[in-house]
Amino acid sequence: MTDIIEKARSKLKEIIIEELSKLNWPELPINSDPPEGDLSVICFPAAKEMKKAPEEIATELAEHLLKETSIKEIETVNGYCNITINWIELMPEILDEISTENFGRGEKKNKEILIEHTSANATGPLHIGRARNPIIGDTMARLFDFSGYQVKTEYYVNDIGRQACTLAYGIENHPNEEGGKIDYQLVECYKKGTADLEENEKAKKEIYDLMEECEGGVEESLTRVNGASKKVLEGMKISLDRLGVTPEIFTYESELITSGAVQRVVTLLQKSSLCNEEEGALYLDLEEKGIAGRNQKFFFTRKNGLSLYTTRDVAYHMNKFERCDEALNILGEDHKLQGKLLTIALQEISQPVPKSMFYSFVSLPGGKMSTRAGRVVYLDEMMDEAVLLAKREIEKRRKDIVGKSLEELSEKIGIGAIRYNIIRIQSDKGFKFKWEEALNFEGDSAPFVMYSHARAASILKKIKRENNEVVIPKELHLSELKLIRTLMKFPSIVTEATERMKPHKIPYYLQTLSSNFNKFYRDCPVVETEYEWFRKELVISTKKVLFEGLEILGIEAPETM
RNA sequence: GGGCCUGUAGCCUAGCCUGGAAGGGCGUCUGGCUUCUAACCAGAAGAUCCAGGGUUCGAAUCCCUGCAGGCCCGCCA
């Protein structure tokens with residue numbers, strides 16, 4: 001992506017540096033993203049050497065630079081020399097760039113990235129703590145796609161192991177037909193199964209036997225357990241779908257056993273020089289990898305020879321890399337150590353390693369989320385609340401929106417608000433869930449951004465003239481300048497958010513863009529004015545960037561609201 | 001005990017990688033809808049950037065030491 005402004009900035013920087021050396025002044029740092037203007041020369045460092053106040057240096061420098069035609073104006077504040085580029089002369093190029101179809105989109109890369117997200121144990125309905133995973137994962141998938149990668153999304157289903165076996169046992173021994181949606185229905189079976197596991201020796205043995213059979217690859221047992229997980233998963237998928245998240249591939253842990261992939265990993269790990277044995281169980285000694293203490297022994301088989309979760313995870317990643325060039329995992333922070341061990345194991349057998357993004361947990365005002373203590377907010381519940389509130393808000397201000405349109409719009413706004421409010425927070429920051437924040441429809445929120453988009457759409461609808469005269473104003477209104485400046489940042493924001501895996505950059509950017517657009521349409525009338533053509537171009541571009549920014553967040557941008 | 005992460009106005013949050021003017025939002029107070037939709041806009045008040053030390057002309061940002069909170073430390077998943 002050619003960046004006109006970046007070029008203009010670099011050129012101007014060179015000019016400034018040249019001027020400084022001509023004047024025989026010390027070289028000064030230049031800020032390329034100052035709070036005011038486009039470039040800012042920081043004059044403090046020269047103060048001592050020149051025996052002058054920074055403010056005085058700034059003023060003098062400004063006088064020397066003013067003759068430069070690419071500079072629109074210079075303001076000196078507290079020893080900063082703030083330079084505004086002459087945007088008008090760049091305007092034709094800028095308009096060209098921001099109006100291209102692919103503005104902000106990364107060039108097509110011939111790289112397939114597989115993003116694994118959610119992968120929650122299929123034992124019951126998703127709650128809002130877990131909801132952070134699909135929202136981050138889906139947003140990253142959209143970001144990578146927008147940046148030009150070929151993206152696949154995948155949900156890893158842990159359909160063997162204690163939880164899955166307990167579920168299968170629960171369904172068979174405590175059938176339940178009540179409770180509506182299937183994941184709510186079956187979680188009751190799971191709860192009863194868990195109670196049995198804890199209190200009833202016979203049940204415990206049955207569940208542990210089932211686990212062993214699964215790990216050992218007994219087909220009938222695998223089918224039983226996999227079937228149970230799949231049922232609950234159906235319910236979870238409905239919730240995810242409503243959130244706008246639809247993982248493309250579901251990979252089942254059991255498949256890794258039946259395909260022999262796990263066994264192959266065990267064989268590979270056995271050949272490692274780090275491999276040791278203790279009472280028949282195999283482990284890697286990680287001392288030389290800098291891991292000491294309790295985690296030093298990384299077991300990959302049990303004394304009965306069966307595999308462990310991490311062993312299967314190694315197999316899973318080898319399987320993944322047969323299907324992609326890069327892998328990204330979205331995981332809760334409780335998986336950090338696990339991720340580290342996985343990486344070491346993969347490296348030990350010369351396999352590629354995945355990237356990981358970890359997020360902190362969501363708690364409730366009463367404390368940690370706990371199904372047992374009845375302290376949970378389900379994702380479904382939250383979506384219902386948000387959509388209902390959105391509906392009430394629409395009814396308050398738009399009597400003309402009714403019926404199906406009302407339902408659809410409420411859905412877009414309610415779901416959008418949730419996604420926005422979760423993704424806006426940096427992922428390694430934990431937070432307490434509060435209804436009033438989750439349901440915020442003002443300020444830094446999805447509806448705020450959506451509203452700006454709808455206003456842009458509305459302005460465009462009011463433009464009647466078709467072949468407007470192309471007129472670029474001789475002066476830009478400050479609100480126009482700030483809007484254009486913000487628009488031009490979009491490509492670099494997308495790149496940064498993708499590459500540094502910081503999806504929260506997008507809502508932050510959209511908030512700023514919306515805010516600048518709102519000020520623009522307050523200050524600069526568009527319809528039936530001398531500058532209708534020019535401003536219409538700005539509105540079109542803003543609308544498109546808002547639309548695409550929201551799309552990256554998985555939020556639909558309505559034409560009216 | 002060890003490891004990782006977080007700490008910024010009453011509340012939420014950006015900035016930390018790459019040092020240079022503490023940015024948004026909620027809430028509070030004041031003002032603005034006969035003029036492209038007021039989910040908006042303008043203005044005000046509100047910050048010892050967890051504490052202490054170090055490096056630097058300059059530290060929210062880098063380094064060290066604490067403190068507080070979260071997460072992890074099984075031949076579980």
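Residue numbers begin at 1 in each chain, while the letters A, B, ... track the order of the sequences.
- Here, B/U28 and B/A51 have their C1' atoms 30 Å apart, quoted to the whole Å.
- When rounded to the nearest whole Å, the span between CE of A/Met561 and C1' of B/U37 equals 10 Å.
- Classification of A/Lys464 and A/Glu528 as a salt-bridged pair fails, no side-chain N sitting under 4.0 Å from a carboxylate O.
- Distance check on atom P: B/C50 versus B/A14 gives 13 Å, rounded to whole Å.
- To the nearest angstrom, P of B/G32 lies 19 Å from OH of A/Tyr521.
- Distances shorter than 4.0 Å separate some side-chain N or O of A/Gln426 from OP1 or OP2 on B/G15.
- Salt bridge absent: A/Lys297 and A/Asp285 never bring a charged side-chain N and a carboxylate O closer than 4.0 Å.
- Rounding to the nearest 0.5 Å places OG1 of A/Thr512 at 13.5 Å from CZ of A/Arg485.
- You'll find that the side chain of A/Glu437 is closest to B/C11, out of B/A77, B/C40, B/C11.
- Not one side-chain nitrogen or oxygen of A/His335 sits closer than 4.0 Å to the OP1 or OP2 atom of B/C76.
- No contact: A/Glu532 has no heavy atom under 4.0 Å from any strand.
- Lacking a ring centre under 5.5 Å from that of the base six-membered ring together with a plane angle below 30°, A/Phe44 does not count as stacked on B/G20.
- The CG-C1' distance, from A/Leu331 to B/A77, rounds to 13 Å in whole Å.
- Comparing the same atom, C1', in B/C12 and in B/U55 gives a spacing of 34 Å after rounding to whole Å.
- Atom CG of A/Asn121 is separated from atom C1' of B/C76 by 11 Å (rounded to the nearest Å).
- Distances shown here put every side-chain N or O of A/Thr301 at or beyond 4.0 Å from the OP1 or OP2 atom of B/C75.
- Using a 4.0 Å cut-off between a side-chain N of Lys or Arg and a carboxylate O of Asp or Glu, A/Glu532 and A/Lys536 do not qualify as a salt bridge.
- Relative to the side chain of A/Lys429, the nucleotides B/C11, B/U37, B/G7 differ in distance, and B/G7 lies closest.
- Picking from B/A14, B/C41, B/A77 the nucleotide with the shortest atom distance to the side chain of A/His504 gives B/A14.
- The listed nucleotides are B/C40, B/C72, B/A77; the one nearest the side chain of A/Arg312 is B/A77.
- The gap from the P atom of B/C67 to that of B/C41 amounts to 45 Å, rounded to the nearest Å.
- When each of A/His335, A/His317, A/Lys355 is tested with A/Asn329 by the rule side chain to side chain donor-acceptor pair (under 3.5 Å), just one qualifies, namely A/His317.
- Two residues are said to be in side-chain contact when any heavy atoms from C-beta on lie closer than 4.5 Å; A/Ile425 and A/Arg132 meet this criterion.
- Distance check on atom P: B/G25 versus B/A44 gives 13 Å, rounded to whole Å.
- Rounded to a whole angstrom, the distance from the C1' atom of B/U18 to that of B/U37 is 43 Å.
- Applying the 3.5 Å distance criterion, the base of B/A77 shares no donor-acceptor pair with the side chain of A/Thr310.
- Counting non-hydrogen atoms under 4.0 angstrom, A/Leu337 reaches the backbone sugars and phosphates but no base.
- Side-chain atoms of A/Asn82 and base atoms of B/A21 include a donor and an acceptor less than 3.5 Å apart.
- Comparing B/C17 with B/C5, their C1' atoms are spaced 16 Å from each other, to the whole Å.
- Taking atom P on both B/A39 and B/G27, the two are 14 Å apart, rounded to the nearest angstrom.
- At a cut-off of 3.5 angstrom, counting only N and O atoms as typed in the model, there is a donor on one side and an acceptor on the other between the side-chain of A/Arg500 and the base of B/C17.
- Residue contacts shown for A/Thr512 are absent, as no nucleic acid heavy atom lies under 4.0 Å away.
- Residue A/Val77 has its side chain nearest to B/A21 when only B/A21, B/U37, B/U13 are considered.
- Of all nucleotides listed (B/C76, B/A42, B/A39), B/A39 comes nearest to the side chain of A/Pro447.
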